[in-house]
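First listed ligand is number 1; within each ligand, the first listed atom is number 1.
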Amino acid sequence: MKMEILKRLQLPDHLKPLPSDEANLRFGDIYSDHMLLMDYFDGRWRNPRIEPFGPLLMSPAAMVLHYSQTIFEGLKCYRHSDGRLALFRPRDNFRRLNGSAERMAIPLLDDAFLLTALKELLKIDGRWVPSHPGSALYIRPFVIATEPHLGVRPAREYLFMIITGPVGPYYKEGFAPIKIFVESCYSRSAPGGLGAVKAGASYANSLLATEKAAQKGYTQLLWLDSCEHRFIEEVGSMNMFFVIDGKIVTSPLENGTILPGLTRASVLTVAAKLGLPAEERPLEITELIEAQKNGRLSEAFGSGTAAVISPVGLLHYREQDYTVADGQVGKITQTLYDELVSIQYGHKPDPYGWVEIID
Ligand SMILES: Cc1ncc(COP(=O)(O)O)c(C=O)c1O
């Protein structure tokens, strides 16, 4: 069934001023003029609409407030030098949103419709897509359980929304190497848990450990497996890659404890195209530390929509700091970053079909 998107647009003289300093945008502080909403009740998604960005009215008994039945996605819209707006792998984000919905007992959404709706929103708020190098419009689709009910069961009413806002680099370090704390006490996700989906609850669970690491001066946490704290999993909002003996290594996804990052998948595809050897295999933290000690670990980087590629210059494990090679950005890290960013910003043609132009 085709759904019409109702539009109630902001009055022109109520539009917000664009950020005055695009070069110094932070992550996640500023929102565009409009948002997209869609309700679910009586067994189907309905009433898609675009409205001025603003607060929600919700019952204090809304189930999301009590049992965290909520999921989200994160993707970006880039401004190409010819002014055109381009999304990066949006279909994959909406597919993953449905994977998260399924795991969190949320009714599935029509992902083709979501892409149409997102494009409508971006046509209205296109002026918010910044053009400064490294900046983009961050897009946050999410679903919350709105039914007022305190019994524990899947809700029968939901709200789907998309909000957007211009962003700069995710880490204050920008593309400079970050310092990572290897967590050997807290756990992010267990087999059968929520690790492979984007559920708000997972991120709430990560806050305390991340905060403790931040207080010690580390930008992010590297999570190990929850059973033995032995195998490397991923970083707070990035998948991890290491270059050992000249080969790119990243943890496999089979256990369902790691988020299947779209940037991770893109890195693996680009590496194959560029002839860079890469493998997905379990990697023990002790093997990594050994490789660092005998000079076989030459690079480390994280991958994710927010930071794209983030070089890692230092790992902290059990009271000790380990510098990754010379602590600078490695050659493979730089090559992969340049390749991905060139495709995202349209500086190079996209041979993979990842870029979706909004026209
Ligand atoms: C836990 C986690 N891992 C990895 C990623 C990277 O995923 P993607 O490359 O799709 O942004 C993210 C960000 O979405 C994340 O939250």
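For atom 16 (O) of ligand 1, the closest heavy atom belonging to the protein is Y203 OH, 2.5 Å.
There is a side-chain donor-acceptor pair under 3.5 Å between Q334 and D338. The closest side-chain donor-acceptor pair between Q10 and D33, if any, does not fall under 3.5 angstrom. Remark: the D321 side chain and the Y218 side chain contain an N/O donor-acceptor pair separated by less than 3.5 Å.
Two rings, from F160 and F142, have their centers 6.0 Å or more apart.
Hydrophobic clustering (ILVMFWY, side-chain heavy atoms < 4.5 Å, transitive): L314 and F181 are in one cluster. In this structure, I285 is a member of the same hydrophobic cluster as L297, with clusters built from ILVMFWY side-chain heavy atoms closer than 4.5 Å.
The distance criterion of under 3.5 Å between nitrogen or oxygen atoms is not met by S303 with respect to ligand 1. The shortest N or O to N or O distance between R96 and ligand 1 is below 3.5 Å. Distances between N or O atoms of S237 and those of ligand 1 include no value under 3.5 Å. Annotation: K198 places an N or O atom under 3.5 Å from an N or O atom of ligand 1; distance criterion only.
Put simply, no part of A306 is less than 4.0 Å from ligand 1, judged by heavy atoms. Remark: distances from the non-hydrogen atoms of E73 to ligand 1 are all 4.0 Å or more. Put simply, no part of G74 is less than 4.0 Å from ligand 1, judged by heavy atoms.
Residue G304 approaches ligand 1 through these ligand atoms, each under 4.0 Å from one of its heavy atoms: 6 (C), 9 (O), 11 (O). In summary, the atoms of ligand 1 found under 4.0 Å from a heavy atom of R188, numbered by their order in the structure, are 1 (C). Close approach of ligand 1 to L259 is summarised as follows: ligand atoms under 4.0 Å from at least one heavy atom of the residue are 2 (C), 3 (N), 4 (C), 5 (C), 7 (O), 12 (C), 14 (O), 15 (C). Each of the following atoms of ligand 1 lies closer than 4.0 Å to a heavy atom of G261: 7 (O), 8 (P), 9 (O), 10 (O). Residue N239 has at least one heavy-atom neighbour below 4.0 Å for each of these atoms of ligand 1: 4 (C), 6 (C).
Summarising the contacts of atom 2 (C) of ligand 1 with R89, R264, E234, E233, the nearest heavy atom is found in E234. With atom 11 (O) of ligand 1 as the reference point, the heavy atom nearest to it among V267, T305, L262 is part of T305.
Contact record, P191 with T257: N-CG2, 3.5 Å, taken as the closest heavy-atom pair.
A distance-only check finds no donor-acceptor pair linking the side chain of H132 to the backbone of D21 [under 3.5 Å].
Under the side-chain contact (heavy atoms from CB on, under 4.5 Å) rule, L268 has a single partner from T263, N239, T250, L276, which is T250.
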Dump the intermediate steps for salt bridge (charged side-chain N to carboxylate O under 4.0 Å, His left out) on K273 and E339, then the final yes or no. CA-CA 11 Å; K273 181 107 194 295; E339 192 67 16; over 6 Å; no
